[in-house]
Amino acid sequence: MPSEDRSEGRATEATRRALAAVAERLPMGDRQDFTDADRGLVGRSEERQIKAADGRVVWDLDAYRFLDGPAPDTANPSLWRQSQLVAKDGLYEVVPGIYQARGFDLSNISFVEGDRGVIVIDPLISKETAAAAFALYRQHRGQRPVTAMIYTHSHIDHFGGVKGIISQDDVDAGGVPVIAPEGFMEHAISENVFAGTAMGRRAGYMYGAALAKGPAGQIGAGLGQTTSTGEATLIAPTVDITTTGQELSIDGVRIVFQVTPGTEAPAEMNFFFPDRRALCAAENATHNLHNILTLRGAEVRDTHAWAQYLTETIALWGEELEVVFASHHWPTWDRERVVEFLAAQRDLYLYLHDQTLRMINQGYVGAEIAEQLQLPPALEAAWHTHGYYGSVSHNVKAIYQRYLGWYDGNPARLWPHPPAEAARRYVAAMGGADAAVQLAQQAYDEGDYRWAVELLDHVLFNEEGHAGARALQADALEQLGFGAENGTWRSEFLAGAAELRHGQFGTPTTAASADLLGALTVPQVFDSIAIRVDGPKAWDQQLLLSWVITDTGTTHVTELRNGALNHRVAQAPVAGSTTFTLTRPTLIGLVTGTLDLQAGITDGTVTVDGDPATLQRLVDLLAPVDPDFPIVTP
Ligand SMILES: [Zn+2]
């Protein structure tokens, strides 16, 4: 029975009261972030929509104009404020000679001017948005040639747009070094190899790419507004940064590096421009509590190392620096403020790490620590420690996971029924689906949306078509979204509501571009095949294949036995195997389906020694991935 309160897109009385209480506690009088985010504006782009070659809009600089007014009752006022700051777009001067284009993508692109040209840092996600940001820079700063490209770390929002700025030919000709932390390529690619399909689907929830933008829809991801949808490209680094203290001089610009592996990314680095007293903090110190474990799924990050590296950053340059800028959000100026900002960011991660372990050793489990752990008031009072992207709640569970794993030690929780089986029993225990929905309705009416969604989750996993449960679950998730301070939580909740109301939206954006697939190493190709083998179908099959890869000069052997495809490097093809001789790009083409084996044999790009049908037998054992798998229903 839908009550007055249950209406799509509107806040309930309970949500309005909760958000009013949040607004009371926030230090709204502190406007320093707005001063900093506006400081140094050089100009804004007149072209407000960035399009792909086919005319498709991949980024709209005016998409968030609705944020101009005060927070509505359908959004947490803290997140609304953060989104107002993040949505600002333009070219900004950090200090003379250092500029940033902000608001052109999830991340920032930065420009450091040398004697004759410009060093570019972190060219966004898409070549289209990177090109537009670079055009704005050149409009105001002239046609300077690119003298170096720097990737701060191995996440796609820091390299994907590189071909909007330079070409592979520019790099091959030797004129433009591409500088990145050691291990960049391995991590940039491997993140998408093993769990890439699931991460992509889940990223659709996390960033809300399929949601309408608006006061009751997607309003931002906290770290940036959302991800652009142009072409992701990649040019491999030519210069590895391996040690802290390593120094380069490029185009008259001195750069001193600090490697920070295992912080926000497995390969990441900060660096200092001593002649301008400016620090680039990559993504290690930004204006939010960052993720220890991103909601799309990833390996858990090392909070302890993160804090240690920030301590080192302060020790290295705290006496000299005058400004810190990063590849998200706006800079912080003046030595004292910068050091306090870096120190507070450090304290934030260290406090979460240490206090979580203290409570772990007192016997608390992740869900308990998440509810109990509170930040010190002094940290809570700083805007940049708020959980707009990471959250205290999911970060402390991640720290628990890093040290102790999924099992909380209580044997009653060691072997529970899986969701649908548990749901069947829960619903029966509650007296059937309709009675369970009644209970959920009561919880909803009392504003206990967390309990409502848990009850309704059981109903839907027992009977996904139950209309009353679907409608109420969408409404309850939506109220949780309206209440969330965290941008990704809001998008997660609203994405669940949207799929229950309108059907599955699949994977709206994918990182599987030609450049990224083309960068797979031969072992990564074999790994990506192995994880698609349909185990039970392959139980009784044995296949032995040798691969002579002509351009890498390596020979590999793959062997299928017991449903598992192992691979190894070999001196030569092994006896009894079918041998394929081909290049690495051809191998990638065969695996990704852009090339046909028979056509390759006919035109000579693939030669086969033995029975070519061996490969087809392997292909027949591969299961397709599902980029549209259900999430809020079984
Ligand atoms: Zn980033």
Side-chain angles (χ1 to χ4, degrees), residues 59 82-83 85-87 89 100-110 120-127 129-130 133 149-162 164-165 180-181 183-184 187-192 199-200 202-203 206-209 220-230 232-234 237 260-271 279-299 301-302 306 309-310 324-331 345 349 384 387-391 395 486-488 491 509 511 516:
W59 189 261
Q82 177 80 350
S83 294
L85 288 160
V86 173
D89 69 272
Q100 286 195 305
R102 301 201 289 266
F104 278 78
D105 209 315
L106 185 75
S107 41
N108 300 334
I109 181 171
S110 303
V120 179
I121 303 169
D122 283 2
L124 309 178
I125 295 176
S126 307
K127 69 176 193 184
T129 53
M149 176 67 63
I150 301 179
Y151 306 141
T152 60
H153 63 288
S154 51
H155 292 154
I156 195 169
D157 52 322
H158 303 269
F159 65 80
V162 62
I165 310 282
F184 171 91
H187 294 294
I189 302 305
S190 68
E191 187 160 64
N192 299 309
M199 283 182 186
R202 289 171 52 156
M206 174 178 171
Y207 293 109
L223 183 71
Q225 284 303 84
T226 187
T227 49
S228 67
T229 55
T233 59
L234 176 60
T260 66
T263 50
E264 188 266 335
E268 187 149 356
M269 60 187 186
N270 298 329
F271 39 97
L279 170 70
C280 175
E283 200 161 327
N284 287 320
T286 50
H287 289 269
N288 54 208
L289 166 58
H290 211 292
N291 274 312
I292 303 307
L293 179 54
T294 169
L295 298 183
R296 73 169 185 274
E299 291 177 15
R301 296 164 188 168
D302 185 346
W306 198 326
Y309 281 121
L310 286 175
V324 59
F325 64 98
S327 292
H328 293 274
H329 303 136
W330 49 95
Q345 283 277 306
Y349 296 112
H384 66 86
Y388 300 116
Y389 193 53
S391 72
N395 279 354
N486 184 292
T488 64
S491 292
T509 54
L516 267 76

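Start at 1 and go down the list; that is how both ligands and their atoms are numbered.
The Zn ion (ligand 1) lies at 2.8 Å or more from every N, O or S atom belonging to Glu264. Here His153 fails the criterion, with no N, O or S atom under 2.8 Å of the Zn ion (ligand 1).
Summary: OD2 is the N/O/S atom of Asp157 found nearest to the Zn ion (ligand 1).
With hydrogens and angles ignored, the 3.5 Å screen pairs a side-chain donor or acceptor of Asn486 with a backbone N or O of Tyr389. Counting only distance, with no hydrogens or angles, the side chain of His329 and the backbone of Gly222 share a donor-acceptor pair below 3.5 Å.
The OH atom of Tyr309 lies 10.0 Å from the CG atom of Asn284; values are rounded to the nearest 0.5 Å.
Relative orientation of the His155 and His153 rings is perpendicular, given thresholds of 30° and 60° on the angle between their planes.
Atoms OE1 of Glu283 and NE2 of His158, as seen from the Zn ion (ligand 1), are separated by an angle of 80°, to the nearest 10°.
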